[in-house]
Each structure stands twice: as structure tokens, then as C-alpha cells.
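The structure under discussion appears below in the form of C-alpha cells.
These figures come from a predicted structure and were not determined experimentally. Whatever order the structure lists them in is the order used to number ligands and atoms, beginning at 1.
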Amino acid sequence: MKIGIASDHGGFDLKPTIVEYVQSLGHEVTDFGPATGESVDYPEYGEKVADAIVNQQMDLGILICGTGVGMSLAANKVRGIRAVVCSEPFSAKLSRQHNNTNVLCLGARVVGNELAKMIVEEWLAAEFEGGRHARRVDKVMAIESKYADQIEDQPFCG
Ligand code: RB5
């Protein structure tokens, strides 16, 4: 598969480990940056990978920041993205099988290198099971569609 990977500065040190590991599993990796560990804003890099997925340049994405949270928030704003933050392999595997996630977010300040590799391995190896899960994922995506046109009319919720 074609896997897009990006980080911010919080995830920068973990990124090469994940790039090499994903390549060792037989996947083609595109590194969407950043090229150095200087401070950057995670939404910019989350959007790059999310955009490549919805435009079908990449099959799946892996985003790494300090906690994985910021990257998941950013990626999930892109229509068609289902990003999950995982700090253990079980949820990662089930997020593919049941939720058809297309982006995995990792927190480099939460998980160590070896645990991160296990999470990535389980996530990439798992396949969406469809069936009743497809109905539920369709309902999730219907929520996205329902509210997409209303965002400009909503007061800021935060
Ligand atoms: C950067 O300090 C940190 O906020 C970022 O990597 C991430 O954890 C945000 O969710």
C-alpha cells in the first residue's frame, strides 16, 4: 500500500523509525515532512496527509505528534478521513476492522518506539470487515455530510 507519513516537532524523532518499519513491511512510504525537528504546527502536516488520502494519492496515513491528539483533530476535519489515536495495538486493529480508519495517529510522548511499531503493524495488517460495520461507518459519514454545510453558520464551540 501507499502510506503517507508526517509529524510535527513532537513526533519528529519517532518518524524515521516508523518510516523504516512501514517500508520493512513492504509498503511504499511518502514522507510529508517536516524535514527538520524545528517547531511547526501540526494541523499543516495533518492536512497534507489527509488531503493526499482523499485525493487518492495515498491509501492510508500515519501522523505523529506529541500525543497524537492534535493530528487526529486536524485530520478528522477533512471530509472522508477517519483518524484514530491509538496507544495500544488492540484498538488499532479494531479501528481498521470495525471503523475503517484511514489515518493512524501516534503520540511520540506517549508510546515508545517498540510499542509504536506494534501498533502500526496491527493497524496495517487489519482489514475492514464490512457488513454491520459498514452500516455504522456509513452513519458516521452521514453525520459528517449533514453538518458540513452548517459549519459557517455555527457559533464557535470552544
Ligand atoms: C507540541 O508541543 C504538541 O502540542 C503536539 O505535538 C501535539 O501533542 C498536539 O496535540
Any donor-acceptor pair under 3.5 Å linking the side-chain atoms of R82 with those of S95? no

Can you tell me how far the CD1 atom of I119 sits from the OH atom of Y21, to the nearest 0.5 Å? 11.0 Å

Once you restrict both partners to nitrogen or oxygen, which atoms of ligand 1 have a protein partner under 3.5 Å, and how far apart are they?
unit_1, atom_1, unit_2, atom_2, d
ligand 1, 2 (O), R109, NH1, 3.3
ligand 1, 6 (O), D8, OD1, 3.4
ligand 1, 6 (O), D8, OD2, 2.6
ligand 1, 6 (O), G66, N, 2.7
ligand 1, 8 (O), G66, N, 3.2
ligand 1, 8 (O), T67, N, 3.0
ligand 1, 8 (O), T67, OG1, 3.3
ligand 1, 10 (O), T67, OG1, 3.4
ligand 1, 10 (O), G70, N, 2.8

Can you confirm if the NZ or CZ of K48 lies within 45° of the ring axis of Y45 and under 6.0 Å from the centre of its six-membered ring? yes

Quick one: salt bridge (Lys or Arg N to Asp or Glu O under 4.0 Å) partners of E114, sequence neighbours excluded? K117

The residue among S87, C86, P89 that forms side chain to side chain contact (heavy atoms under 4.5 Å, CB included) with L115 is P89

Hey, is CD on E47 packed in by over 12 heavy atoms from elsewhere, all under 6.0 Å? no

